[in-house]
Amino acid sequence: MNLRLTGLTKRYGAVTAVDRVTLELVAGTTLALLGPSGCGKSTLLRLVAGLEAPDAGGVAIGDHDLTRTPTARRGFGMVFQDFALFPHLDVGANAAFGLVEARVPAATRAARVRELLALVGLAGLERRKVTELSGGQQQRVALARALAPEPRLLLLDEPLSNLDASLRESLKLELRSILTGLPAGAIYVTHDQGEAFTVADTVALMRAGRIVQVGTSEELLAKPAGPWAARFLGHDNVYDTAPQGAHLPATDGALLLRADLTRLGEPGTGATDVSVATAAREGLAWRLKLTAEAWGVTVTWRGFDRELPGHPAPGASFGLQVPPEAWRSIGSDA
Amino acid sequence: MQRGPVTHLAGALATLFLSAFLVVPIVVIFARSLAPTADAPFGEGFIAALTDQYYLGRLAFTLGQALLSTLLTVALGLPTALLLARYRFRGKRALTAAFSVPFVMPTVVAGIGFLALVGPRGVLGVDLRNTLAIVLLAHVFYNFAVVARVVGGFLEGVAPRLEEAASTLGATPWRTLRRVTLPLALPATLASALLVFLFCFTSFGVILILAPAARFATLEVEIYRLTARLLALDAAAALALVQLILMVVVGFIYTRLQERLAVSVVPGDATRAPRGSAHLLLGGTLLVTSALVLAPLLALSVQSFGSPGSPWPTARNYLGLLTQSHTVGFTDLWHALRNSLGFAFSSAALALVVGFLFAYAIARGGWRWLDQASLLPLATSPITLAFGYLLAYPALVGSVWGVPLAHALLAFPFVTRTLLPAYRAQPPALAAAASTLGAGQLRVLLRVELPLLRPAFLTAAAFAFAVSMGEFGATLLLVRPEFATLPVAIFDRLGRPGASNYGEALALGVVLMALTAAVMLVLQRRGRSEF
């Protein structure tokens with residue numbers, strides 16, 4: 001059954017951390033709550049878990065209201081940012097913690113723990129002390145522990161943020177495959193758009209306590225809900241007013257130029273001529289800052305050598321070829 | 001790190017001090033208690049003391065009261081610790097500070113505070129003097145903060161987050177308490193309980209003041225009486241040896257526990273505001289504990305302004321202190337104050353030097369074993385130490401140097417413990433940078449390391465000062481009458497009959513309490529602004 005949040009609100013003094021959030025999570029899918037730090041996404045997750053009480057609004061599974069149900073009886077598993085493993089218990093006992101609370105018989109418990117540790121790649125480490133594990137291993141124990149009692153919903157609070165970059169890359173693919181195999185749904189809180197797009201089916205973009213936009217990664221990238229969303233999702237060329245002389249249909253709000261849909265050619269071959277202001281190597285690719293003098297704007301452009309008509313020395317001149325679909329009107333921020 | 005000649009000089013001097021003023025006196029006690037005498041061969045005297053019915057009784061009482069005191073302290077301190085770790089509320093900082101007040105108060109102040117509360121002339125009208133109850137009460141009062149703060153501080157960093165994790169796994173609050181919080185608190189509780197046990201095991205001032213009857217004498221009190229009153233040094237040596245052995249065993253277990261404790265602490269604060277019925281629980285518990293902690297000190301302050309037969313507050317007790325004492329052998333306020341301050345300044349200065357030598361030699365490497373050795377004075381009771389001085393250096397006892405040396409020895413571990421973390425926190429690159437600029441080890445010390453240690457030195461000085469101001473047992477055994485300190489002057493007055501002597505003792509107690517509080521306040525103020 002689907003998880004439904006209706007009008008969830010949480011205030012701390014004068015600050016509204018979560019502001020009338022209404023969301024639905026389809027059973028069996030993963031939703032990422034994506035937003036900058038301090039946007040209220042962790043608080044929203046804690047409201048869902050029942051670790052905080054909302055000032056208004058409700059949490060329900062299907063038609064079953066859970067707003068007043070204590071955390072222990074919600075049946076939601078959670079993976080914490082700092083893992084929160086019990087230091088007085090070994091790996092096996094940590095993983096079995098929820099099974100003991102659920103009064104699962106000891107024999108079944110041991111089998112389930114074995115199965116889960118195998119799933120997260122820690123088979124045979126039952127008797128190990130959790131304080132002797134690496135960060136990545138601790139993260140895996142935390143995941144196994146949350147999954148063991150078969151929660152009807154899994155909540156993950158920035159589970160990879162305490163790990164180093166290379167580990168993060170490999171673990172996020174692994175998490176994706178584990179979460180896809182789950183019958184339960186999952187909510188994944190992160191501030192990293194790459195993580196959100198890799199792990200989740202649906203992404204909810206959050207800003208200042210509110211949900212700005214909900215959609216698949218393609219939808220969000222193609223049609224960001226406003227200039228803030230566009231910039232946060234990684235678009236470089238967002239213009240609050242239309243560049244003069246670009247011959248664009250009139251719009252009220254901001255304009256997005258998707259540089260990934262444009263091409264560079266010889267001068268005079270495109271919509272406008274641009275000159276190279278700076279050129280920086282990013283591995284095999286180039287990152288160019290181009291000045292479009294006729295339009296009075298700067299365009300950031302990325303691409304490989306074969307996509308360039310010549311060497312991009314500062315001052316070099318190219319023609320910027322812009323198909324109509326590269327321009328998108330994205331309105332303005334609320 | 002460089003280990004130049006300066007490091008070795010510091011290490012050697014530290015070793016020398018420890019050997020001369022701790023190891024030698026203890027060895028002399030060993031020798032004295034085991035040595036053959038005219039009528040007993042080697043070890044016979046020691047065995048005789050061990051099998052003596054009376055001494056066995058004293059040992060049993062000492063262990064028993066220490067055990068009971070520890071159990072009571074934990075029973076009261078643990079719930080408070082759990083609440084402090086869980087909730088945040090207005091005034092929490094002030095309250096935890098208030099809990100620590102008894103612990104930093106001199107034993108004599110604690111003792112006289114309980115007399116003012118439940119003594120023969122106490123404000124409550126119940127006379128508990130010479131009962132086991134008053135001893136236990138005073139011990140709980142004294143050590144409550146050890147359990148509440150050690151366990152509370154340990155849990156505050158970890159428990160709330162782990163409790164949340166437990167609740168997401170289906171554990172109700174009671175189940176969480178049983179399966180997560182209490183098991184987590186266990187090592188810290190055991191460690192603090194051992195510490196409390198050590199303090200109660202060597203209880204001296206509290207017993208001497210509140211339960212002077214022979215049946216309440218601890219080993220420490222017995223050693224004092226055998227030495228100072230009966231001059232039975234052989235029996236005293238045997239008892240001191242028994243006590244030392246027991247303390248070393250408990251101390252050893254404690255340090256092992258400490259090592260285990262150090263592993264799992266991940267700092268972080270996740271306390272929350274209390275909700276609903278938690279208010280009641282929190283308020284009730286804190287009310288009871290703060291009443292216990294503050295009542296004796298309040299009673300002392302109030303009663304020091306009282307006088308028999310008059311319902312109005314008067315300053316008679318204080319005025320009595322200012323006039324020249326009419327009883328022979330009493331030290332008046334000015335002399336007691338002068339002696340106390342003089343000893344405190346000189347012993348604090350010495351403790352700073354010695355404590356720094358230890359910290360420097362340990363932090364600079366090569367003298368790692370001094371780390372454990374610097375804790376030894378804490379495992380030696382003041383009476384044993386002073387008794388060792390009597391045996392090893394009889395000349396010291398007659399001079400003004402005995403007291404400052406003993407105080408410095410008892411205080412320098414605190415100095416080392418304060419300086420060491422501050423020293424280790426200094427980035428090694430600073431010393432390296434100074435040496436690339438041409439500074440030798442001594443110049444690095446003078447121009448870089450010492451200036452950076454200034455705040456830590458101030459804190460350490462306040463610590464050492466407070467230890468010396470409040471020290472009672474060793475002073476009582478070592479001091480000449482004309483150099484009596486405030487605690488000794490208070491004790492002298494309590495030993496004589498008469499309301500005016502009692503009144504003056506109360507007034508002196510308030511002076512000592514105020515002085516200690518002032519030093520602690522300086523310590524806290526400094527601590528906050530300079531770190």
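Residue numbers start from 1 in every chain, and the chains themselves are labelled A, B, ... in the order their sequence lines are given, proteins ahead of strands.
- For residues 144-154 of chain A, heavy-atom neighbours of chain B at less than 4.5 Å comprise A:Arg145, A:Ala146, A:Pro149, sorted by residue number.
- Using a 4.5 Å cut-off between non-hydrogen atoms, the part of residues 61-78 of chain A that approaches chain B consists of A:Thr71, A:Ala72, A:Phe76, A:Gly77, A:Met78.
- Remark: the backbone N or O of A:Gly7 is paired with a side-chain donor or acceptor of A:Thr22 at under 3.5 angstrom.
- The two residues B:Phe414 and B:Thr418 come nearest to each other via the heavy atoms O-OG1, 2.6 Å.
- Residue A:Leu85 touches chain B through its backbone alone, counting heavy-atom pairs closer than 4.5 Å.
- The minimum heavy-atom distance linking A:Phe86 with A:Asn94 is given by the pair N-OD1, 2.9 Å.
- A salt bridge is defined here as a Lys NZ or Arg NE, NH1 or NH2 lying under 4.0 Å from an Asp or Glu carboxylate O, and A:Asp90 with A:Arg127 meets this definition.
- A cation-pi arrangement is present between B:Arg179 and A:Phe97 under the rule of less than 6.0 angstrom and at most 45 degrees off the ring axis.
- Of the residues A:Lys129, A:Arg128, A:Glu132, A:Gln138, the one that meets the side chain to side chain contact (heavy atoms under 4.5 Å, CB included) test with A:Val91 is A:Arg128.
- Under a 3.5 Å cut-off, the side chain of A:Thr108 and the backbone N or O of A:Val104 do not form any donor-acceptor pair.
- Side-chain atoms of A:Asp201 come within 3.5 Å of backbone atoms of A:Thr30 as a donor-acceptor pair (strictly under, hydrogens ignored).
- Note on ring orientation: taking the six-membered ring where Trp is involved, the planes of B:Phe201 and B:Phe197 are parallel (angle under 30°, cut-offs 30° and 60°).
- Chosen from B:Gly170, B:Ala166, B:Pro173, the residue pairing most often with chain A at heavy-atom distances under 4.5 Å is B:Gly170.
- A salt bridge between A:Lys41 and A:Glu158 is present, with a side-chain N of the basic residue lying under 4.0 Å from a carboxylate O of the acidic one.
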